[in-house]
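Below, chains carry the letters A, B, ... as their sequence lines are ordered, and counting in each starts from 1.
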2 protein chains.
Amino acid sequence: MDISPSEPTLNFCQACAVRNRAICADLDPGELQALNSIGRRRKVEAGEQLLWEGDDAIVVANVVEGLLKLSTQTAEGKEQILGLAYPSDFLGRPFGEKTPYGVEALTPALVCTFQRTDFDRFAREHPRLEHKLLERTLAELDRTRRWMLLLGRMNAEQKVATFLLEMADRLAPSTCGADVGSLGQMELPLSRQQIADVLGLTIETVSRQLSKMRSENVIDLPSRREVVIVDRGGLEDRSA
Amino acid sequence: MDISPSEPTLNFCQACAVRNRAICADLDPGELQALNSIGRRRKVEAGEQLLWEGDDAIVVANVVEGLLKLSTQTAEGKEQILGLAYPSDFLGRPFGEKTPYGVEALTPALVCTFQRTDFDRFAREHPRLEHKLLERTLAELDRTRRWMLLLGRMNAEQKVATFLLEMADRLAPSTCGADVGSLGQMELPLSRQQIADVLGLTIETVSRQLSKMRSENVIDLPSRREVVIVDRGGLEDRSA
DNA sequence: CGACGCGTTGACGGAACTCAACGTAGGTGG
DNA sequence: CCACCTACGTTGAGTTCCGTCAACGCGTCG
């Protein structure tokens with residue numbers, strides 16, 4: 001809950017890893033100091049829930065490090081992951097009453113949290129920040145709509161292939177030891193169940209599709225969490 | 001293409017049907033005049049395409065009257081409807097290069113169009129408009145994410161029931177002869193194929209689900225395009 | 001009247017789900 | 001250190017739901 005006592009009034013923002021990519025990118029030093037004063041850094045452990053669906057929207061946050069999932073569930077308890085939040089992504093529902101989805105960390109994560117009311121006020125007073133938030137929200141809406149095509153119209157093979165390509169692209173920058181990325185090896189931050197929840201499938205179907213692609217020499221699966229893309233073209237064909 | 005010659009320089013905005021609900025709601029008369037000067041009213045016929053997926057994002061628009069669909073398709077040509085645009089909704093991709101989805105009118109529609117570059121400039125100079133656009137985009141993102149749960153985790157019966165309830169709610173205000181709405185009668189602005197494209201189903205499955213619900217006395221189908229909700233509770237049970 | 005578009009219904013097959021057993025990796029304690 | 005346990009993942013068998021293909025009904029328009 002509390003910020004580290006060793007740096008009580010430090011301006012975290014200036015040294016922030018996502019300083020140039022997050023919604024605060026266009027703020028000048030004075031504005032940044034003001035934003036810093038209403039925000040708090042917080043570590044979230046893997047598996048820890050940061051926001052609960054349906055709660056009053058008290059908190060919003062910026063992702064600094066790590067990967068988190070946004071999810072919701074049916075009345076019967078079947079889960080659907082609505083999206084993944086990477087560093088510099090924004091979490092929570094500004095200008096809203098209720099948190100519309102749950103947020104849970106998939107890896108150890110570092111987030112920069114704000115009381116929603118503080119953030120709303122700050123945003124309204126700083127159009128450049130609000131503009132950044134708008135651009136980010138528009139991009140997220142585009143991404144979400146593209147995912148609807150996957151959920152509504154793709155079969156299991158297409159879903160899994162599309163997922164692997166997307167993860168390879170999005171994970172590349174972080175693991176960007178260049179050769180590692182081009183070799184197509186990656187460590188999945190999601191369990192099979194979570195992959196299934198992203199794709200609207202069952203765990204067994206995901207497992208079968210992965211095994212099938214391995215037997216067809218399109219991918220390799222050195223361990224549970226590792227995937228190697230052996231034949232990117234083959235994956236792309238399957239994602240069509 | 002052209003505005004009506006009978007009202008060459010009139011300020012459409014002042015008498016606009018969505019004046020108090022669309023993103024222009026917070027503008028003062030002077031700002032409204034400025035916005036009016038860069039916008040054009042345009043009629044779109046039912047079935048006419050307003051924006052094409054993948055085109056350069058030249059135009060953005062506000063819906064004044066009518067209903068339009070946003071859609072995309074797979075490489076194989078299977079369509080997925082991403083959302084419906086009602087009066088006061090915003091269309092197109094501000095601050096973006098490409099139009100990320102196609103837009104086609106389902107009913108005769110009236111839209112207020114802007115050159116995207118003009119609109120972008122105006123928005124950046126008028127934070128109140130940009131704020132409205134942000135609120136609208138955030139709400140649309142919430143709505144879109146809720147639809148992902150339907151696409152990914154619901155069976156055909158749940159999808160159709162959810163769709164009927166949603167349409168009844170959203171169509172009510174316009175047809176709001178009060179008693180009409182409460183009787184649960186509505187005229188669907190979508191064909192069976194379009195309903196299927198919204199729900200990620202086939203036309204036959206939609207038809208079968210509707211017939212089944214009629215046989216169970218949950219709804220009635222007086223004609224192709226009409227639906228009467230006979231037992232709202234029954235529908236709600238099925239949408240769970 | 002016939003043709004066409006749209007919707008309904010039926011028969012069938014297959015893709016994905018369900019249920020169940022088994023395998024495997026990682027962590028714990030004796 | 002190894003046996004054990006547990007969580008996670010894989011694989012198999014059977015079932016179900018929905019998609020596909022096809023025939024038919026109905027209203028509309030030329």
Side-chain angles (χ1 to χ4, degrees), chain A residues 46-47 69 73-74 76-80 106-107 149-164 187-216 219-228 238-240, chain B residues 46-47 73-74 76-80 106-107 150-164 187-216 218-228 238-239:
Chain A
K69 66 167 194 182
Q73 37 194 101
T74 63
E76 300 128 359
K78 284 188 282 189
E79 183 158 348
Q80 176 66 51
L106 296 175
T107 67
L149 183 64
L150 176 143
L151 290 175
R153 291 301 188 198
M154 286 188 185
N155 62 30
E157 182 180 50
Q158 293 171 320
K159 286 180 176 181
V160 172
T162 303
F163 170 78
L164 290 176
E187 173 144 357
L188 288 181
L190 290 80
S191 69
R192 294 291 187 269
Q193 182 62 61
Q194 286 162 345
I195 297 173
D197 290 339
V198 169
L199 300 177
L201 295 171
T202 59
I203 185 173
E204 294 96 331
T205 299
V206 171
S207 183
R208 275 187 256 268
Q209 290 297 328
L210 288 173
S211 298
K212 177 161 150 284
M213 288 184 194
R214 183 181 47 181
S215 76
E216 294 165 343
I219 60 171
D220 193 19
L221 303 165
S223 76
R224 294 182 164 192
R225 291 285 183 133
E226 282 176 302
V227 179
V228 183
R238 271 154 246 257
S239 75
Chain B
Q73 38 192 97
T74 63
E76 301 128 357
K78 285 189 282 188
E79 183 159 347
Q80 177 66 51
L106 297 175
T107 68
L150 176 144
L151 290 175
R153 291 301 187 198
M154 287 189 185
N155 62 28
E157 182 180 50
Q158 293 171 320
K159 285 180 176 181
V160 172
T162 304
F163 170 79
L164 290 175
E187 173 146 357
L188 288 181
L190 290 81
S191 69
R192 294 291 188 270
Q193 181 62 61
Q194 287 161 344
I195 297 173
D197 291 338
V198 169
L199 300 177
L201 295 172
T202 59
I203 185 174
E204 295 95 330
T205 300
V206 171
S207 184
R208 273 187 259 268
Q209 289 297 329
L210 289 173
S211 297
K212 176 159 150 286
M213 288 184 193
R214 183 181 46 182
S215 77
E216 294 166 342
V218 174
I219 60 170
D220 193 18
L221 304 164
S223 76
R224 292 182 165 191
R225 291 286 184 132
E226 282 174 304
V227 180
V228 183
R238 271 155 246 258
S239 74

A.B. asks: Where each residue is assigned the nucleotide of DNA chain D containing its nearest heavy atom, which of A/Arg153 and A/Leu190 is assigned the position nearer the 5′ end?
C.D. replies: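 This one resolves to A/Leu190.
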
A.B. asks: Which atoms form the tightest heavy-atom contact between A/Thr162 and A/Met154, and what is the distance?
C.D. replies: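 That would be OG1-SD, 3.7 Å.
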
A.B. asks: Can you see if the side chain of B/Arg214 gets near the phosphate of C/dT9 - specifically, an N or O under 4.0 Å from OP1 or OP2?
C.D. replies: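 It does, given that an N or O in the side chain of B/Arg214 lies less than 4.0 Å from OP1 or OP2 of C/dT9.
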
A.B. asks: Rounded to whole Å, please give me the gap between NZ in B/Lys78 and C1' in C/dA15.
C.D. replies: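 So the two atoms are 11 Å apart, to the nearest Å.
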
A.B. asks: OP1 or OP2 of C/dT24 sitting under 4.0 Å from any side-chain N/O of A/Arg224?
C.D. replies: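 Looking at the OP1 and OP2 atoms of C/dT24, neither is under 4.0 Å from any side-chain N or O of A/Arg224.
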
A.B. asks: Just wondering, do B/Ile219 and B/Val228 contact through their side chains at under 4.5 Å, heavy atoms?
C.D. replies: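 Sidechains of B/Ile219 and B/Val228: no contact.
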
A.B. asks: Using atom CG of A/Leu188 as one end and atom P of C/dA25 as the other, report the distance to the nearest whole Å.
C.D. replies: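 Roughly 17 Å, once rounded to whole Å.
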
A.B. asks: In whole Å, I'd like the distance from the CG atom of B/Asn155 to the P atom of D/dT16.
C.D. replies: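 Answer to the nearest Å: 15 Å.
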
A.B. asks: Using only atom types and a distance under 3.5 Å, with no angle test, would you say the side chain of A/Gln209 pairs donor to acceptor with the backbone of A/Val206?
C.D. replies: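 Here the side-chain-to-backbone pair does not exist.
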
A.B. asks: Between A/Arg153 and B/Asp197, does at least one N-O distance fall below 4.0 Å, as a salt bridge requires?
C.D. replies: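 Salt bridge present between A/Arg153 and B/Asp197.
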
A.B. asks: What's the CD-C1' distance between B/Glu157 and D/dG19, to the nearest Å?
C.D. replies: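 Between C1' of D/dG19 and CD of B/Glu157: 18 Å.
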
A.B. asks: With a 4.0 Å cut-off, would you call A/Lys69 and A/Glu79 a salt bridge?
C.D. replies: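 Between A/Glu79 and A/Lys69 there is a salt bridge, with a charged N closer than 4.0 Å to a carboxylate O.
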
A.B. asks: Among residues 197-211 of chain A, which residues get a heavy atom nearer than 4.0 Å to DNA chain C?
C.D. replies: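 Heavy-atom cutoff 4.0 Å gives A/Gly200, A/Leu201, A/Thr202, A/Glu204, A/Thr205, A/Arg208.
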
A.B. asks: Would A/Glu204 and A/Arg192 pass as an ion pair if we require N to O under 4.0 Å?
C.D. replies: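 The answer is no: the pair does not qualify as a salt bridge.
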
A.B. asks: Once you apply a heavy-atom cut-off of 4.0 Å, does B/Ser223 come out as touching a base, just sugar-phosphate, or nothing?
C.D. replies: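 No contact.
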
A.B. asks: Report the distance from atom CD of B/Gln194 to atom C1' of C/dC6, rounded to the nearest whole Å.
C.D. replies: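 Distance check: B/Gln194 CD to C/dC6 C1' gives 12 Å.
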
A.B. asks: Provide, to the nearest angstrom, the distance between the CD atom belonging to B/Glu76 and the C1' atom belonging to D/dT20.
C.D. replies: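 After rounding, the gap between these two atoms is 15 Å.
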
A.B. asks: Rounded off to whole Å, could you give me the CZ-to-C1' distance for the A/Arg225 and C/dG26 pair?
C.D. replies: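 One finds 13 Å between C1' of C/dG26 and CZ of A/Arg225, rounded.
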
A.B. asks: Taking C-beta and beyond as the side chain, do B/Ser191 and B/Arg225 meet within less than 4.5 Å on heavy atoms?
C.D. replies: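 Result yes, sub-4.5 Å side-chain heavy-atom pair found.
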
